[in-house]
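Below is one structure; the comments refer to it alone.
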Amino acid sequence: MSAAAPSVAPAASGSVAPLPAGSVAPAAPAGAPLRLDVITIFPDYLRALDLSLIGRAAGEGLIDLHVHDLRDWARDRHRTVDDTPLGGGAGMVMKPDVWGEALDEVLALPADAAAARESAAGRGRRVLVVPTPAGRVFTQRTAEDLARADHLVFACGRYEGIDARVAEHYRAAGIEVAELSIGDYVLSGGEAAALVMIEAIARLRPGVLGNPDSVVEESHGASGLLEQEVYTRPVAWRGLDVSRAWPALLSGDHARVARQRRDRAIARTIARRPDMIELLRPDTLDAADRAALARGGWAVLDGAAGPVELVVRPAAEADLADLVDLAARTFPDACPPFLTAEQIARHVAAHLTPGRFADWLADPRVVLTVAALGRDATTRGGRVASGELIGYSAVLIEPGDGGAPPPGLDPRPDGVTVPAAPDGGAGLAAELSKVYVDARLRGSGTAAALLAQAVRAAAAAGVTALWLGTYGANRRAQRAYRRAGFAGAGSRTYDVGGRICHDVVMALNPQEAAGEH
Ligand code: ADE
């Protein structure tokens with residue numbers, strides 16, 4: 001067969017609806033249109049491309065779409081395109097000779113003349129796309145790559161697929177061949193997959209989307225995150241009130257909304273696609289991102305390729321020796337520089353003893369939490385084994401009945417007020433006595449994860465005032481506490497090994513904070 005004209009041209013401009021009044025006209029195309037040829041035994045299947053965005057883009061000359069009937073290249077009376085599989089087996093296989101004639105002709109069709117002129121190769125980048133469940137998975141990255149081509153030819157197989165020599169032949173002939181699957185399931189043919197790929201590719205071409213910003217923040221975009229939930233009016237619908245669930249969204253504070261959107265995108269990706277979290281690049285994650293990841297149980301380690309899953313769990317008796325060791329190792333890190341090694345050692349020997357940790361493990365008014373990594377990881381500070389304790393926190397709850405306090409509970413500073421419980425009953429205070437993280441994990445978000453867990457545990461225990469004291473010049477620690485929702489609540493003095501230190505006191509109400517993130 002020769003000179004096959006497209007048998008169906010589904011996106012002719014005559015079938016495209018005019019833009020609705022008031023809508024924004026798409027920007028003019030930055031370059032030549034993308035030529036798309038689809039070869040199929042069901043040309044009508046592709047009529048869906050006549051509709052909506054892609055149909056409009058074709059009508060405006062942004063894409064140049066042609067659909068061909070494979071049977072036009074069959075040579076027998078019955079227009080046969082398939083035969084039984086060599087070696088036996090179920091189904092039918094599409095014939096290489098018919099496909100060869102079709103593809104020779106369609107691949108030779110000229111892409112836009114301007115693109116051909118601009119291209120170093122003389123005819124632009126041309127890709128033969130073969131949809132198949134046995135292909136590489138088509139992703140947003142694939143769409144971005146193919147959107148940069150000049151000419152895409154889709155070969156839609158049916159039955160058991162196309163004779164494997166077809167892809168082999170064109171690859172050997174120097175044609176770029178992409179055998180692509182749209183997911184791990186089997187369709188009856190490549191047409192639905194081609195529709196999916198064409199829509200994903202075409203909307204990335206310049207001018208196709210009315211608002212090009214739409215592709216910047218969407219799921220699977222450059223951020224590597226799923227997009228956060230979106231809402232519109234009415235603000236309250238069937239008892240679901242966005243102003244209550246996400247008050248900042250209506251605040252008009254754009255920076256705050258942007259931050260919270262990103263936090264929610266991170267939380268959603270953690271819940272639905274943890275595989276995407278592992279692929280995030282640490283250099284794209286700021287401190288607030290790391291805190292959001294940590295709240296969801298992921299640490300970003302200095303020197304590691306991507307985030308590592310954290311295990312944050314209640315401490316158990318078996319942790320005792322490791323806990324004592326970790327406490328002695330981490331306490332000096334948070335000390336003011338003027339404290340001597342002897343003063344620090346005296347404090348550790350008096351307060352961070354095996355007896356103290358054993359008492360805490362046995363005391364229901366003490367919430368002792370530990371953190372470890374879910375897998376081995378290499379950090380700039382050295383190797384960290386999976387399961388090794390890398391941080392801990394301790395919340396000491398005041399006895400509500402005026403009984404003996406848990407050992408180590410410091411006097412509650414004057415600036416800390418204890419709000420009533422949400423039901424109007426008496427409030428309850430607790431000291432966040434410890435949040436310490438191994439120095440190798442500094443900046444990883446592990447402290448934020450322990451903090452978030454401490455706040456959740458305090459909320460569950462009915463605490464309405466969770467307070468802490470931290471060395472006044474330790475701004476890094478104060479920033480981390482502020483990010484977790486703590487606010488200044490005064491000051492106190494604190495004795496470390498006989499030396500008096502001036503602490504900042506911070507507090508939050510866990511009953512309010514627990515619903516925030
Ligand atoms: N043809 C049949 N199933 C397919 C899939 N999952 N992706 C692409 N093409 C297909």
Side-chain angles (χ1 to χ4, degrees), residues 8 10 34-54 63 65-71 73-74 80-87 89-100 102-103 106-107 126-149 151-171 175-205 219-220 226 272-273 275-276:
V8 179
L34 168 64
R35 178 170 179 129
L36 295 165
D37 286 277
V38 184
I39 309 174
T40 167
I41 58 168
F42 294 120
D44 284 349
Y45 208 117
L46 280 297
R47 286 208 171 268
L49 293 173
D50 206 1
L51 307 171
S52 183
L53 209 70
I54 307 301
I63 59 174
L65 178 65
H66 304 264
V67 180
H68 313 268
D69 188 342
L70 177 69
R71 292 191 197 276
W73 285 276
T80 308
V81 293
D82 59 341
D83 204 341
T84 54
L86 293 181
M92 299 291 273
V93 177
M94 296 192 102
K95 290 162 67 59
D97 44 350
V98 179
W99 270 108
L103 286 170
V106 173
L107 284 165
R126 176 185 51 185
V127 184
L128 170 57
V129 180
V130 185
T132 162
R136 274 188 300 116
V137 175
F138 177 86
T139 66
Q140 189 67 17
R141 300 291 88 74
T142 325
E144 285 161 5
D145 176 50
L146 293 178
R148 287 190 286 268
H151 185 190
L152 301 177
V153 177
F154 286 84
C156 298
R158 282 262 145 188
Y159 319 121
E160 293 304 302
I162 302 173
D163 185 301
R165 288 167 294 182
V166 173
E168 188 185 332
H169 165 77
Y170 286 102
R171 212 171 261 132
I175 302 276
E176 184 177 345
V177 179
E179 292 178 89
L180 297 172
S181 164
I182 59 162
D184 291 346
Y185 40 80
V186 178
L187 306 167
S188 301
E191 288 77 8
L195 283 177
V196 166
M197 292 189 231
I198 289 170
E199 177 147 335
I201 293 163
R203 65 194 290 284
L204 298 177
R205 291 288 289 196
S219 296
H220 306 291
L226 300 179
R272 298 181 175 186
R273 293 291 304 276
D275 56 310
M276 288 171 65

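Heavy atoms only: backbone and side chains are in, while hydrogens, waters and symmetry mates are out. Treat the numbers as computed from the prediction; the structure is a model and nothing was measured. Read the numbers this way: they start at 1 and go in the same order the structure lists the ligands and their atoms.
- Taking every heavy atom of both residues into account, Val166 and Trp99 meet most closely at CG2-CB, 4.0 Å.
- Among protein heavy atoms, the minimum distance from atom 7 (N) of ligand 1 is reached at Ile182 N, 2.9 Å.
- In the vicinity of Gly183, heavy-atom distances shorter than 4.0 Å reach the ligand 1 atoms 6 (N).
- In the vicinity of Leu180, heavy-atom distances shorter than 4.0 Å reach the ligand 1 atoms 8 (C).
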Go through the steps for Arg141 and Glu144 under the test salt bridge (charged side-chain N to carboxylate O under 4.0 Å, His left out), then give the verdict.
CA-CA 5 Å; Arg141 300 291 88 74; Glu144 285 161 5; 3.0 Å; yes

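- Under a 3.5 Å cut-off, the side chain of Ser52 and the backbone N or O of Ile54 do not form any donor-acceptor pair.
- Residue contact check: Ala193 has heavy atoms under 4.0 Å from atoms 8 (C), 9 (N) of ligand 1.
- Not a single heavy atom of Ser188 sits less than 4.0 Å from an atom of ligand 1.
- Nearest to atom 9 (N) of ligand 1 among the protein's heavy atoms is Thr132 N, 3.1 Å.
- When hydrogens are left out, the protein atom nearest atom 3 (N) of ligand 1 is Leu187 N, 2.9 Å; that is the closest non-hydrogen contact.
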Decide side-chain hydrogen bond (donor to acceptor under 3.5 Å, both in side chains) for Thr40 and Glu191; before the verdict, give the C-alpha distance in whole Å, the side-chain angles of both, and the deciding distance to 0.1 Å.
CA-CA 7 Å; Thr40 167; Glu191 288 77 8; 2.7 Å; yes

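- Counting heavy atoms under 4.0 Å from ligand 1, residue Asp184 does not touch it at all.
- Atom 10 (C) of ligand 1 has Pro133 CD, 3.5 Å as its closest protein atom, hydrogens excluded (heavy atom only).
- Atom 6 (N) of ligand 1 has as its closest protein heavy atom Tyr185 O, 2.8 Å.
- Annotation for Ile162 and Ala155: closest pair CD1-O, 3.9 Å, computed over non-hydrogen atoms.
- What you find for Pro133 and Val186 is that their closest heavy atoms are CB-CG2, 4.3 Å.
- Proximity of a side-chain donor or acceptor of Ser181 to a complementary backbone N or O of Gly183 within less than 3.5 Å is detected.
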